[in-house]
Every structure is written in C-alpha cells, then in structure tokens.
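Notes to accompany the following structure.
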Amino acid sequence: MKCYNCGCDLSGHDYCTGCGADVSLYKKIIYISNRFYNDGLERAGVRDLTGAIASLRQSLKFDKNNVEARNLLGLVYFETGEVVAALSEWVISKNLRPKKNVADDYIDMIQTNPTRLDTINQTIKKYNQALTYCHQESMDLAVIQLKKVLSLNPKFIRAHQLLALLYINGEEWEKAKRELAKCVQIDANNTTTLRYMKEVDEMLLPEEGMKAGGKKKGKSNDVVKYQSGNETIIQPVNIREGKGVGSLLNLGIGLLIGIAIAVCLILPAQIQNAKAGINDDLRMVSEQSDAKSATIDELEQQVNELQAENSTLRQDMDAYTNQDGSLESYDTLLKAADAYLTNQEDVVTVADYLEEINRIEEEQEEETENSEAYDKLYNTLLALIGPTVADSYYDAGYEFYRQEDYQAAIPDLEKAYQYDATNGDALYYLANSYNSVGRSEDAKEAYKQVIELFPGTVKATKSATFLAELGGE
C-alpha cells in the first residue's frame, strides 16, 4: 500500500514513515474497498453477477484507483452482454495503470477483431430498434429484432429479459420461462429475472398460490389437481356413499326398463323399416352402377386425350427451357432479388438462393450462355451481400477452427473466401484445416494462393514454411 501524499510504502504505523502524514483513515478506506472487491469476486464465482456488480461499484466508490476491482467489473459487464460498459471500465483502468495491466489484453481482444466490433455495433442498433418497436406497440417486429440480437450476443441479459417480457405480454408463458431460464444460467440472482420468473410460475401453476394461503374449506378432499402441460386438470375423488349407491341403483332400474320397452315395442318396427330401406338401397345401387359404367367409358376417353395433350405441352416446355434448367435458374435469381429488396438485412436467404443457382448450373449437362441482364443482376446481388455473408461464414468457420474441429471448419471457410476474395485469414485457416485433415494437395494449392495474393505478410511467411514441409515448391 502506497502513501497517498508521497507514494512511499506504508508500514504498520498510522502515519507515513516518509512524509509523516496521518494515514489511519486512508488505510480503513482501502481496506473497505478491498473487502467489497473480495465480496464481488466471490459472487462472480457463483454467477451472482448482479450482486458482484453492486459490490464492485461500492469498492470503486471507496477507491476509484482500485484497478483490480475495475478490471473485474468490466469482465462481469462483458459476461452479461454489456460490452460497451465493459470497455469503459477497461479504458479507465488502462489510464490509471498504463503498464502491466491485464485490461490491455481485454481491449485488444475486442478492438483487433473488426468482425467482433461490427457484431457489437449491430447488437446495439438492433436492441435499440427493438425498443423503438415496443414503444410503437409493434410487438412482433420487436420479437424478431430481439431474436437477431441474441443470435449475435447470446449472453445479452437485457435482450433476454425484454424478449421474455414480450412473451408474457402475449401470454406465451412457456416461451417466457425458457428465456428467463437462460437469464438465470448467466446471472443467478438478477432481481428483474426473478420477478418475471415469479409471475410466469404463478400463471403456469396457479394452484401453487393457493397452497401458500391455505386450502379452501369444504373442498380440500373433494378434488385432485395436477398439471398436464399448460392445463390444470381437476378430477373429483369421491362420491358421497349414501347418494352414490342410490344413484347407481336408480340408474340400473331405468336401464332395464328401457331395454324391455325397446325389445317389445320399438325393435320389431325398426327391423321392418330396415328391410324396406335395404331393398330401396339395392335398387339405387343397381341404377348407379349402370350410370357409372357409362361415365367410366367417357372418362377413359378423356384421360387418353389429356395424356396426349400433356405430352405435347411437356415437349413445348422442354423446348422453352432448352432442356437445361435455365427457367429454374431465372426463377431462383428473381426470388433472390425479391428477398433482398424485401429485407436487405436478410442476406442469408439471398445467399441460399445464389448457391441454389450455382448448384443448378453445375448439374446442367451442357454449359449454357446466360443473358447479359441475368449475369449483371447476379453479380450485383453477389457484390451487395458478399462481405456480410463472408463475415458470417468466417466467424462460424474460425470458431470451429479454434475448437480444432477442422472438418466442420472447412465448408464455412471455403464459403467465406468464396464471397470475399480479400479475406486472407479465411484462406490461410482453410489451408491449415486442409493440412490437418490430410488433404495435402488442397492444402498446397491454398498455401500457394496465400503466398501469391498476400505477399509480405505473416500469413505468407508461415504458408511458405508449411508448403515446404508438405514438399511443395
């Protein structure tokens, strides 16, 4: 502990041995700050992130220069999805201690990755847009935006809570409970989450509220309640003995009397009527059979004519499509353009349509020449969605690569480089993945492309080393 006046190391005395300043109160303040820091550290260890934030803020109130508390507060914010608040704490920490500060690593982890920065910006924009939709009472649009937010940042607690609140507003209790359960997994003691969870549990199990206040008189033993999905089943348990026996006896006597009346009076007349009805039905069936025979002959003749016409139309259709699937390609390209014009943010759907066009053209037996307008529209769509789709595939592929699941990383990294030929990292990691799964020839070609397209970079130097190890020139 340093003296606040001269910076000397403090001893066990209540004064500074260097300048003589009274440091007794200063020591108490630092001790309290450290106590709150330790409490926040313990709460963060058991995922009580809300409690950890409160303790760490108290620690910083007593000592704003407590760098360890500030760094831990940034980590807790980051774990709850509050990336901006986390960066703020780490930047302050870096200014307080410019050297030997772990906050440098945390800041570099975010700022050196452009894709992650863009993801953070998109998360904030979409969350704010969802709030705007809520104020405009466009709940369905708000739900869609929040789902996009959580796909980009699954740990964003405020987005989970707002989505759960929208589900509660729409009385979708099961969905709300699932979102709140995710919040509990991230922060076990968040007050807002627990309040929402209590409301949802009361709606899913309403009889639980009765148990706390006591059972109603006269009905505690008459029914059995149990939960089946979203429904509460109420089933009677017992029928009073005296009334039950009398009711059963009266029911049996009435049943016997009814059977006797049916046998003696009603049954013979019903049998006679049934016989007359059967005879009428037989006559009708015979007449209908003759009429259907004539209809069948007429229909068979129509079927033959329609089959001939269908054959002619199929031949015309084959001639129109040049028997190469060009009509299907044009139709798919128009769907891709419509999807982009309808929702420019839904680039994944547009990319799926463009990949479908590539698959159709690869399956064609003969190479066909498309029109100039077709090629221009295709290239325009590819240029518009390429960078965004490439980033999405790169993030997914790099995550698999980082987890050493190289077989799963290859398809995403191939598509990332396909949509963005300037992404040298995607090509380099793709080459490493090829090498790791034993596809040596593919790895050699990829390493050569890295050396040729990105000369003078670290990737090119490493690629040359790996290429030499594989026996390439």
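Residue numbers start at 1 and run along the sequence shown.
The pair D187-R47 fails the salt-bridge criterion, with no side-chain N (NZ, NE, NH1 or NH2) lying under 4.0 Å from an Asp/Glu carboxylate O. A salt bridge does not link E174 with K177: every distance from a Lys NZ or Arg NE/NH1/NH2 to an Asp or Glu carboxylate oxygen is 4.0 Å or more. Comment: D104 does not engage K99 in a salt bridge, judged by the lack of any side-chain N to carboxylate O separation of less than 4.0 angstrom.
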### Task
Would you sort out whether Y167 and V143 count as a side chain to side chain contact (heavy atoms under 4.5 Å, CB included), showing the intermediate values?
CA-CA 8 Å; Y167 284 144; V143 170; 4.2 Å; yes
### Message
Before you tell me yes or no, could you show the steps for L87 and E89 under side chain to side chain contact (heavy atoms under 4.5 Å, CB included), namely the whole-Å CA-CA distance, both residues' side-chain angles and the distance that decides it to 0.1 Å?
### Response
CA-CA 5 Å; L87 283 173; E89 297 298 333; over 6 Å; no
### Message
For a side chain to side chain contact (heavy atoms under 4.5 Å, CB included) check, start with the C-alpha distance between L194 and K198, then their side-chain angles and the critical distance, and finish with the verdict.
### Response
CA-CA 6 Å; L194 296 178; K198 180 182 178 182; over 6 Å; no
### Task
Let me see the working for N71 and S93 under side chain to side chain donor-acceptor pair (under 3.5 Å), right down to the final yes or no.
CA-CA 7 Å; N71 289 339; S93 173; 2.7 Å; yes
### Message
Quick one, Q58 with Y37, criterion side chain to side chain donor-acceptor pair (under 3.5 Å). Give me CA distance, side-chain angles, the key distance, then yes/no.
### Response
CA-CA 8 Å; Q58 287 295 113; Y37 166 73; over 6 Å; no
### Working for side chain to side chain contact (heavy atoms under 4.5 Å, CB included), residues L430 and I410
CA-CA 6 Å; L430 176 60; I410 288 174; 4.0 Å; yes
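For the pair W90 and I110, the minimum side-chain heavy-atom distance is below 4.5 Å. Residues D425 and Y394 have side chains in contact (heavy-atom distance under 4.5 Å, counting atoms from C-beta outward). Contact annotation: the side chain of R116 never approaches that of Q111 to less than 4.5 Å [non-hydrogen atoms, C-beta and beyond]. Contact annotation: the side chain of W173 approaches that of E171 to within less than 4.5 Å [non-hydrogen atoms, C-beta and beyond]. Within the 4.5 Å cutoff, the side chain of L467 has no heavy atoms near those of the E469 side chain. For the pair K147/I144, no side-chain contact is recorded, criterion being any heavy-atom separation below 4.5 Å from C-beta on.
Between the side chains of E452 and Y447, not a single donor N or O lies within less than 3.5 Å of an accepting N or O. A side-chain N or O of Y31 and one of R35 form a donor-acceptor pair less than 3.5 Å apart. Looking only at atom types and distance, the side chain of Y393 has no donor-acceptor partner in the side chain of N423 under 3.5 Å away. A donor-acceptor contact under 3.5 angstrom links the side chains of Q403 and E399, judged on distance only. The closest side-chain donor-acceptor pair between N190 and Q161 falls under 3.5 angstrom.
A donor-acceptor contact shorter than 3.5 Å is absent between the side chain of R43 and the backbone of S55. Counting only distance, with no hydrogens or angles, the side chain of H160 and the backbone of P154 share a donor-acceptor pair below 3.5 Å. No side-chain donor-acceptor contact under 3.5 Å links D63 to the backbone of S59. The backbone N or O of R97 lies less than 3.5 Å from a partner atom in the side chain of N101, making a donor-acceptor pair. Looking at S88, its side chain does come within 3.5 Å of a backbone N or O of V84 through a donor-acceptor pair. Side chain of S392 to main chain of T388: no donor-acceptor pair is present (N/O by atom type, distance under 3.5 Å, no hydrogens or angles). Although no hydrogens or angles enter the test, the distance criterion places a donor-acceptor pair under 3.5 Å between the side chain of T465 and the main chain of T461. Remark: the backbone N or O of Y77 is paired with a side-chain donor or acceptor of T80 at under 3.5 angstrom. A donor-acceptor contact shorter than 3.5 Å is absent between the side chain of D118 and the backbone of P114. Proximity of a side-chain donor or acceptor of N38 to a complementary backbone N or O of N34 within less than 3.5 Å is detected.
Here OG of S151 is found 8.0 Å from NZ of K126. Values are rounded to the nearest 0.5 Å. Between the CG atom of L166 and the CG atom of D140 there is a distance of 9.5 Å, given to the nearest 0.5 Å. In this structure, E179 CD and L162 CG are separated by 10.5 Å, a value rounded to the nearest 0.5 Å. From Q122, atom CD reaches atom CD1 of I124 across 10.0 Å, with rounding to the nearest 0.5 Å. The CG atom of L427 sits 10.5 Å away from atom CD1 of I451, with the distance rounded to the nearest 0.5 Å. Atom OG1 of T115 is separated from atom CG of D391 by 4.5 Å, given to the nearest 0.5 angstrom.
Taking the six-membered ring for Trp and the full ring otherwise, the centers of Y127 and F156 sit less than 6.0 Å from each other.
Considering every non-hydrogen atom in both A44 and V76, the closest pair reads CB-CG2, 4.3 Å. Of all non-hydrogen atoms in D412 and A396, the two that sit nearest each other are OD2-CB, 3.6 Å. Across all their heavy atoms, D420 and A390 have their closest contact at CB-CB, 3.4 Å. Nearest heavy-atom pair, L413 versus Y398, reported as atom, atom and distance to 0.1 Å: CD2-N, 4.1 Å. Closest approach of I107 and K94 over heavy atoms only: CD1-CD, 4.2 Å. Residues I186 and L49 approach most closely at O-CD1, 3.2 Å, considering heavy atoms.
Just one residue in the list N128, V83, V149 forms a side-chain contact (heavy atoms from CB on, under 4.5 Å) with T123, and that residue is V149. Checking each of Y401, F400, Y417 against Y429 for a ring-ring contact (aromatic ring centres under 6.0 Å, His included) leaves exactly one that passes, namely Y401.
Residue E137 places its CD atom among 12 or fewer non-hydrogen atoms of other residues, nucleotides or ligands, all under 6.0 Å distant.
Judged by a 6.0 Å distance limit and a 45° cone about the ring axis, K459 is positioned over the six-membered ring of F454.
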